[in-house]
Amino acid sequence: MSDLQQENSALAAEAAKTLLVKSGVKKFDIALTLGSGWGKSAEAMGEIIAEVPASEVPGFHANGVIGHSGKLTALRLPDGRNVLIIGARTHLYEGRGVDAVAHGVRTAHAAGVETLVLTNGAGGVNPDYGVGEVVLISDHLNLTAVSPLKGAEFVDLTDLYALELRAIAREVAPELREGVYAQLPGPHFETPAEIRYLQTIGADAVGMSTALEAITARSLGLKVLGLSFVTNPAAGLQDEPLSHAEVIAAGKAAESRLSELLTKIVHRLP
Ligand code: 8IG
């Protein structure tokens with residue numbers, strides 16, 4: 001392991017220890033990262049055993065984006081498994097670098113997690129997608145021009161979004177369509193020309209998270225499930241300009257539906 005990687009995993013181990021001590025559990029089994037629209041999803045899933053502000057966990061930052069909670073929550077599922085809810089995702093556009101983006105996933109791994117559920121709010125690139133639709137991520141396009149990995153770490157990303165977990169999600173919600181998620185660095189939305197380009201190269205949804213986290217997770221041996229909540233048609237696919245307010249409103253409208261869906265899926269995870 002390189003010095004840089006050692007630093008990353010030491011910080012993750014410190015963060016994991018803080019979370020385990022504050023929650024009084026030996027390990028976490030499942031971790032969830034909640035994106036735009038998904039913020040309320042945790043509450044119905046299990047019993048809250050601890051809520052920790054991001055500022056109290058080494059390497060985490062309250063990111064100040066409305067629609068993101070800025071805290072980490074420990075839950076106990078009805079079957080006794082422990083879930084870590086990461087409501088404090090760091091985005092690449094915050095400018096803290098790719099290690100800060102990967103830190104939540106590294107922390108989950110250091111806390112014992114083997115299964116990771118990544119959720120996000122996304123723009124619909126596929127013109128068939130409706131606002132409010134949830135899409136099961138089948139694959140991604142990492143268009144950030146960076147990797148969370150350093151050195152000669154040639155990680156295979158075939159079936160990065162585990163077939164087994166996607167099958168479970170479809171059993172719970174047969175209406176879910178699968179699609180390819182493109183991560184761009186943001187923070188600006190795309191131009192209509194960029195959306196036409198994304199359509200050409202095979203993207204169905206576009207956002208500013210998830211792909212880098214999924215790569216980190218795979219490098220650590222975690223199983224990944226990804227879910228996109230379509231909050232807006234991507235640029236040029238509707239008459240109005242895009243706004244963050246639109247994203248927040250779509251999230252509010254879908255809150256309880258997303259919570260129910262995610263609860264059902266998490267309860268069925270192996
Ligand atoms: I929510 O249309 C959400 N996040 N890049 N484009 C990008 N990110 C997004 C979008 C979108 N909607």
Side-chain angles (χ1 to χ4, degrees), residues 32-42 63-70 86-96 98 101 104 117-146 148 161 176-177 179-215 226-259 261-262:
L32 273 83
T33 299
L34 300 183
S36 297
W38 297 89
K40 282 267 156 43
S41 294
N63 69 18
V65 182
I66 297 166
H68 291 265
S69 83
I86 304 169
R89 162 185 264 155
T90 297
H91 297 87
L92 195 60
Y93 60 70
E94 292 171 60
R96 299 179 193 276
V98 72
V101 172
V117 181
L118 296 169
T119 69
N120 60 52
V125 173
N126 184 328
D128 289 346
Y129 287 174
V131 165
E133 180 162 354
V134 174
V135 178
L136 204 48
I137 301 177
S138 60
D139 204 347
H140 77 219
L141 294 158
N142 171 17
L143 302 178
T144 65
V146 293
Y161 299 89
L176 291 182
R177 289 195 270 187
V180 173
Y181 176 86
Q183 178 178 2
L184 270 73
H188 53 272
F189 293 121
E190 295 69 36
T191 63
E194 286 165 343
I195 295 304
R196 290 193 298 274
Y197 161 73
L198 290 178
Q199 288 173 332
T200 305
I201 65 172
D204 295 299
V206 60
M208 306 176 194
S209 68
T210 304
L212 295 174
E213 294 155 334
I215 295 167
L227 295 164
S228 285
F229 167 56
V230 178
T231 64
N232 58 280
L237 300 182
Q238 67 173 358
D239 295 335
E240 293 98 74
L242 303 190
S243 74
H244 190 54
E246 176 187 13
V247 168
I248 298 298
K252 278 260 175 299
E255 225 162 59
S256 55
R257 182 166 53 87
L258 295 181
S259 169
L261 172 67
L262 201 57

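Just so you know, ligand 1 is whichever comes first in the structure, and atom 1 is the first atom listed for that ligand.
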Which is closest to atom 2 (O) of ligand 1 in terms of heavy atoms, Asn232, Leu198, Ile248?
Asn232
Distance from atom 1 (I) of ligand 1 to nearest protein heavy atom, with residue and atom
Thr231 OG1, 3.1 Å
Taking every non-hydrogen atom, the tightest pair across Asn120 and Ser228:
OD1-OG, 2.8 Å
List the steps and the verdict of side chain to side chain contact (heavy atoms under 4.5 Å, CB included) for Trp38 and Leu32.
CA-CA 10 Å; Trp38 297 89; Leu32 273 83; over 6 Å; no
Any N or O of Glu190 closer than 3.5 Å to N or O of ligand 1
yes
Does ligand 1 come near enough to Ser36 that some N or O of the ligand is less than 3.5 Å from an N or O of the residue?
no
After noting the C-alpha distance and the side-chain angles of Asp204 and Val135, does the key distance pass the side chain to side chain contact (heavy atoms under 4.5 Å, CB included) rule?
CA-CA 9 Å; Asp204 295 299; Val135 178; 5.6 Å; no
Considering heavy atoms of the protein only, find what lies nearest to atom 4 (N) of ligand 1 and give residue, atom and distance to 0.1 Å.
Gly121 O, 3.7 Å
Classify the contact between Ala122 and ligand 1 as side chain, backbone, both or neither, using a heavy-atom distance cut-off of under 4.0 Å.
backbone
In the structure I gave you, are the side-chain heavy atoms of His91 and Pro187 within less than 4.5 Å of one another anywhere?
no
Take Leu143 and Leu198, measure what side chain to side chain contact (heavy atoms under 4.5 Å, CB included) needs, and give me the verdict at the end.
CA-CA 10 Å; Leu143 302 178; Leu198 290 178; 3.4 Å; yes
Among protein heavy atoms, which sits nearest to atom 8 (N) of ligand 1, and what does the distance come to when rounded to 0.1 Å?
Gly207 CA, 3.3 Å
Suppose I only count heavy atoms of Gly123 and a 4.0 Å limit; which atoms of ligand 1 are within that range?
2 (O), 3 (C), 10 (C), 11 (C), 12 (N)
Could you check atom 11 (C) of ligand 1 against the protein and tell me its nearest heavy-atom contact, residue, atom and distance included?
Phe189 CD2, 3.4 Å
Would you say the side-chain atoms of Thr144 pair up with the backbone N or O of Leu184, donor to acceptor, closer than 3.5 Å?
no
List ligand 1 atoms under 4.0 Å from Met208, heavy atoms only on the residue side.
5 (N), 7 (C), 8 (N)
After noting the C-alpha distance and the side-chain angles of Arg177 and Asp128, does the key distance pass the side chain to side chain contact (heavy atoms under 4.5 Å, CB included) rule?
CA-CA 11 Å; Arg177 289 195 270 187; Asp128 289 346; 3.7 Å; yes
